[in-house]
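Worksheet for the structure shown next.
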Amino acid sequence: MPIYNPPVKELSFLFNEFLDIEQYAELGGFENASMDLIDSILEEGGKFMSQVLQPLNQVGDQEGCRLENGEVTTPTGFKEAYQQYIEMGWATLTAPEEFGGQELPKSIGFALSEMAISSNGAFSMYPGLTHGAAAAIEKSASQELKDKFLAKMISGEWTGTMNLTEPHCGTDLGLMTTKAEPFEDGSYAVSGTKIFISAGEHDMAENIIHLVLAKVPGGPEGIKGVSLFLVPKIMVDDDGNLGERNGVSCGSLEHKMGIHGNSTCVMNYDQAKGYLVGDLHKGMRAMFVMMNVARMDVALQGTALSEVAYQNAVEYAKDRLQGRALTGAARPDAKADPIIVHPDVRRMLMKIRAFNEGARALGMYVTNKIDLSELHPDEAVRQQCDDVVALLTPVLKAYFTDMGTINCNDALQVFGGHGYIQEWGMEQFVRDARIAQIYEGANGIQAMDLVGRKLMIDNGRLLKTYLAEIGLFIAENKEDEALSSFIEQLTRCLGVTQKASEFLAEKGMKDPNELGAAAYDYLYIIALTSMAFTWAQLVKIANEKLAAEESDKSFYQNKIITGEFFFQRTLPEIESHYQKLIAGAKSIMSLAEESF
């Protein structure tokens with residue numbers, strides 16, 4: 001049976017010392033976010049996730065969801081756990097007060113989501129998707145739709161989905177055939193089939209609010225003709241009461257590699273009544289609100305599954321006796337030493353630990369920027385924060401989920417053959433982590449979004465904004481002797497990033513294949529630079545706390561040791577990615593298609 005211990009101390013450290021969240025106390029949304037409240041949320045949330053959700057994780061994996069007569073039943077205990085989840089108010093933490101939310105900073109919701117995903121990734125998708133759908137409705141829908149649907153979605157009484165993919169159309173949404181024909185009352189009849197719809201049908205909530213992309217006849221061709229519609233499973237009258245079943249049904253459940261506890265559905269829309277969200281033929285603009293929320297949530301899945309896999313690998317490595325330490329018996333009184341004494345086991349554990357702590361902080365940094373982009377009184381600061389979020393969202397989605405899968409594999413490797421056996425739970429983490437590299441835009445698409453869209457905005461404004469922040473940190477700390485080696489290496493990272501950006505600007509403008517061939521390595525260069533920037537900040541804080549002789553010295557000493565590992569053993573990969581990037585597209589594109 002796998003274990004999970006919520007990293008409450010780590011999260012509290014990030015809020016209190018890394019973000020220094022109380023400095024924003026005068027900004028709306030932050031005013032009630034005292035450290036006492038945050039610590040209470042982390043403690044109680046951690047207890048709920050680890051004591052209620054985590055024991056259901058293997059149950060969900062082994063039972064899966066069942067479809068009978070058009071109705072989906074979730075695994076044993078899921079429905080009851082979800083009721084506890086919404087009754088305790090976990091769904092409402094960051095939602096606007098206008099619709100029943102607590103309006104706390106999004107970074108607090110981010111921390112709670114990490115614990116939920118580590119405890120039970122499949123379960124966490126139900127409220128996670130609802131959160132994203134509610135955000136899209138809040139941002140783009142009419143006040144009438146907000147008043148009718150948002151309060152119960154925010155409370156968790158109703159859940160939400162996003163419907164993009166069709167059997168013949170994935171990333172290229174311009175090829176979709178789902179149509180929406182206008183009724184005289186201003187609503188639309190939505191017809192078509194959508195696939196891979198997470199939480200599309202289930203028994204945990206009395207209504208499901210689907211956000212569906214479709215085309216209105218007579219609109220522009222391709223992606224420019226796509227509109228977004230709110231399609232409820234059960235119709236809702238003007239007083240908020242549930243009525244008759246809409247023309248929405250689950251045709252089948254997908255049989256998947258992982259996340260078995262989440263219902264992944266083929267959804268059929270047969271003249272289902274829907275309501276336009278946002279402007280006609282501007283559906284992608286409205287849906288991108290949900291997609292960006294979802295991409296950050298998926299990035300978090302990489303970190304959260306890496307964390308729980310790491311915890312179990314550490315527990316096993318301390319307990320499993322095998323061989324002797326290379327320097328002599330560590331436990332002379334035992335027949336063998338625990339495998340944590342072996343350098344190669346330590347290599348895997350340290351690599352995962354350094355990622356987990358750095359990625360958690362980097363994710364928190366970006367989520368805090370989201371809050372500031374909405375709440376800061378200075379328009380220039382809001383724009384700067386929004387630029388950083390836009391730049392880093394595809395980076396975190398791709399890098400965190402790649403590393404999540406790699407780290408779950410390495411954690412399984414620590415177990416040896418036992419990791420391959422179902423009862424230990426490690427192989428489930430590997431299977432559950434794998435989808436995160438694919439959905440919400442496969443990671444190759446994230447790389448192309450970075451180089452093809454984000455770098456091109458206003459002559460590279462987004463990148464310049466972020467690199468200027470890193471450059472300022474370097475300038476402010478270049479005389480700090482205790483930080484000198486970290487600043488030196490971060491400065492080199494900045495140089496590599498600038499050279500890589502110049503290469504893309506020169507080659508990519510002449511040949512799109514050069515841009516495409518370099519995209520993934522470029523994303524990793526940005527990711528590693530971002531992780532180095534994050535770790536340099538964490539080490540700086542740890543140095544200051546030790547110099548001030550703060551209590552719990554081992555916590556800060558371990559932070560420095562882990563940061564040193566990242567800089568010495570992980571960060572050098574940036575040079576490899578740069579060399580691959582400047583190698584160009586020729587060796588990738590030269591082989592004739594028929595030769596494959």
Side-chain angles (χ1 to χ4, degrees), residues 10-42 45 89-116 127-128 130-140 150 154 288-300 303 359-397 400 462 465-466 469 530 533-534 537-538:
E10 278 286 331
L11 290 164
S12 181
F13 160 76
L14 293 178
F15 279 111
N16 192 32
E17 299 172 45
F18 178 65
L19 295 183
D20 186 15
I21 198 166
E22 290 188 332
Q23 70 176 299
Y24 307 116
E26 295 183 1
L27 301 183
F30 286 92
E31 55 193 1
N32 296 322
S34 68
M35 276 310 303
D36 285 344
L37 176 64
I38 291 171
D39 284 338
S40 177
I41 289 172
L42 295 176
W90 299 126
T92 66
L93 283 182
T94 63
E97 289 182 351
E98 179 186 358
F99 300 103
Q102 301 177 52
E103 209 161 313
L104 290 168
K106 291 179 175 60
S107 50
I108 297 176
F110 194 75
L112 194 79
S113 292
E114 181 195 329
M115 295 188 286
T130 305
H131 170 69
I137 293 169
E138 182 196 352
K139 184 77 172 178
S140 303
L150 266 186
I154 283 169
F288 263 123
V289 174
M290 184 174 187
M291 290 174 69
N292 284 331
V293 171
R295 283 172 178 171
M296 284 299 295
D297 286 345
V298 172
L300 187 56
T303 310
R360 179 181 292 114
L362 177 54
M364 198 75 79
Y365 161 87
V366 172
T367 312
N368 191 53
K369 291 285 189 185
I370 295 173
D371 280 318
L372 296 178
S373 73
E374 298 172 355
L375 300 172
H376 201 281
D378 188 327
E379 183 179 353
V381 173
R382 291 199 304 273
Q383 185 63 64
Q384 289 167 1
C385 291
D386 191 62
D387 285 352
V388 172
V389 172
L391 178 77
L392 293 184
T393 294
V395 176
L396 267 58
K397 193 281 180 185
F400 284 12
L462 276 60
T465 298
Y466 183 50
E469 184 174 344
S530 300
F533 178 39
T534 303
Q537 294 174 77
L538 296 175

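Atoms CD and CD1, on Glu97 and Ile154 in that order, are 11.0 Å from each other to the nearest 0.5 Å. Note that CG of Asn368 and SG of Cys385 are 8.0 Å apart. Values are rounded to the nearest 0.5 Å. Interatomic distance, CG of Leu372 versus CG of Asp386, reported as 11.5 Å (0.5 Å rounding). The distance from atom CG of Leu375 to atom CD of Glu31, rounded to the nearest 0.5 Å, is 10.0 Å. Here the straight-line distance linking atom CZ of Phe533 with atom CG of Leu538 works out to 10.5 Å at 0.5 Å rounding. Interatomic distance, Asp387 CG to Leu392 CG, rounded to the nearest 0.5 Å: 10.5 Å.
Distance alone, capped at 3.5 Å, places no donor-acceptor pair between the Gln537 side chain and the Phe18 backbone.
No side-chain heavy atom of Val298 sits less than 4.5 Å from a side-chain heavy atom of Arg295.
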**Message:** Assess the residue pair Val395 and Phe400 against the criterion (side chain to side chain contact (heavy atoms under 4.5 Å, CB included)); give the C-alpha distance rounded to whole Å, side-chain angles, the decisive distance to 0.1 Å, and a yes or no.
**Reply:** CA-CA 8 Å; Val395 176; Phe400 284 12; over 6 Å; no
**Request:** Check the pair Met35, Ile38 against side chain to side chain contact (heavy atoms under 4.5 Å, CB included), reporting the backbone distance first and the verdict last.
**Result:** CA-CA 5 Å; Met35 276 310 303; Ile38 291 171; 4.0 Å; yes
**Steps toward side chain to side chain contact (heavy atoms under 4.5 Å, CB included) verdict (Leu104, Leu37)** = CA-CA 10 Å; Leu104 290 168; Leu37 176 64; 4.0 Å; yes
**Message:** Let's go through Gln102 and Asn32 carefully: what are the C-alpha distance in whole Å and the side-chain angles of both, what is the deciding distance for side chain to side chain contact (heavy atoms under 4.5 Å, CB included) to 0.1 Å, and is it a yes or a no?
**Reply:** CA-CA 9 Å; Gln102 301 177 52; Asn32 296 322; over 6 Å; no
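Residues passing the ring-ring contact (aromatic ring centres under 6.0 Å, His included) test with Tyr466, sequence neighbours excluded: none. Remark: Asp39 pairs with Ser12 by the side-chain hydrogen bond (donor to acceptor under 3.5 Å, both in side chains) rule, at least two apart or across chains.
In plain terms, the two heavy atoms of Ile21 and Ser107 that are nearest each other are CD1-OG, 3.9 Å. Closest non-hydrogen pair, Thr534 versus Ala361, comes out as CG2-CB, 3.5 Å. In plain terms, the two heavy atoms of Thr94 and Lys106 that are nearest each other are CG2-CA, 3.8 Å. Of all heavy-atom pairs between Gly363 and Leu396, the closest is CA-CD2, 4.0 Å. Here the shortest heavy-atom pairing between Pro105 and Gly29 reads CD-O, 3.0 Å.
If you check the side chains of Thr465 and Gln384, you find no donor sitting under 3.5 Å from an acceptor.
Classification of the Phe30-Tyr24 ring pair by plane angle, with boundaries at 30° and 60°, yields tilted.
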Compile the donor-acceptor pairs under 3.5 Å between side chains in residues 108-115 and protein atoms, sequence neighbours left out, one pair per line.
from: Ser113; atom 1: OG; to: Gly109; atom 2: O; distance (Å): 3.0
from: Glu114; atom 1: OE1; to: Arg360; atom 2: NE; distance (Å): 3.0
from: Glu114; atom 1: OE2; to: Arg360; atom 2: NE; distance (Å): 3.2
from: Glu114; atom 1: OE2; to: Arg360; atom 2: NH2; distance (Å): 2.8

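At most 12 non-hydrogen atoms from other residues, nucleotides or ligands lie less than 6.0 angstrom from CD of Glu379.
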